[in-house]
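Working notes, beginning with the structure itself.
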Amino acid sequence: MHLTAPATGHVEARPRPRDADGMAVASFILGLLGLLVLNLFLGPVAIVLAAVSLLRGTRRRGRAFLGMALGVADIVVLVLAMRLTDTVSWSL
């Protein structure tokens with residue numbers, strides 16, 4: 001009686017599309033949150049998550065692109081606010 005499946009040779013590890021879909025949604029949410037708080041941290045994280053999800057072949061490409069755009073917008077808002085207030089950070 002065998003409790004394990006027999007080895008079939010070389011097994012390729014493919015990223016699951018579900019993981020990529022989750023990353024696309026997470027990039028969108030983090031990019032959206034980054035417009036309000038912690039945009040210095042959340043903007044780049046949203047960009048990286050969107051890029052990785054696109055490379056892994058997400059089915060939610062629109063959300064990944066929106067997450068990437070919102071991540072870039074986070075950084076732009078931070079730079080504009082810093083330039084307008086002549087400070088290193090900004091607050092409401």
Determine, using the 4.5 Å side-chain heavy-atom cutoff (strictly less than), whether Leu38 and Ile75 are members of one ILVMFWY cluster. no

Closest non-hydrogen atom pair between Leu49 and Ser27, with its separation: CB-CB, 3.7 Å

Transitive ILVMFWY side-chain link Leu32 to Val72, under 4.5 Å: no

Please report the shortest heavy-atom distance between Gly67 and Ala46, naming the atom on each side. O-CB, 3.8 Å

Is it true that Leu42 and Leu66 fall in one hydrophobic cluster, defined by side-chain heavy atoms closer than 4.5 Å? yes

Heavy-atom neighbours of Leu80 CG exceed 12 at 6.0 Å: yes

Member of Arg61, Arg56, Arg59 meeting the salt bridge (charged side-chain N to carboxylate O under 4.0 Å, His left out) criterion with Asp21: Arg59

Specify the closest pair of heavy atoms between Ala50 and Ala64, including all atoms of both residues, with the distance to one decimal. CB-O, 3.2 Å

Joint hydrophobic cluster, Val77 plus Val45, side-chain heavy atoms closer than 4.5 Å: yes

Is it true that Leu33 and Leu35 fall in one hydrophobic cluster, defined by side-chain heavy atoms closer than 4.5 Å? yes

Taking side chain as C-beta onward, heavy atoms only, is Thr58 less than 4.5 Å from Met23? no

Can you tell me how far the CG atom of Leu30 sits from the CD1 atom of Ile47, to the nearest 0.5 Å? 11.5 Å

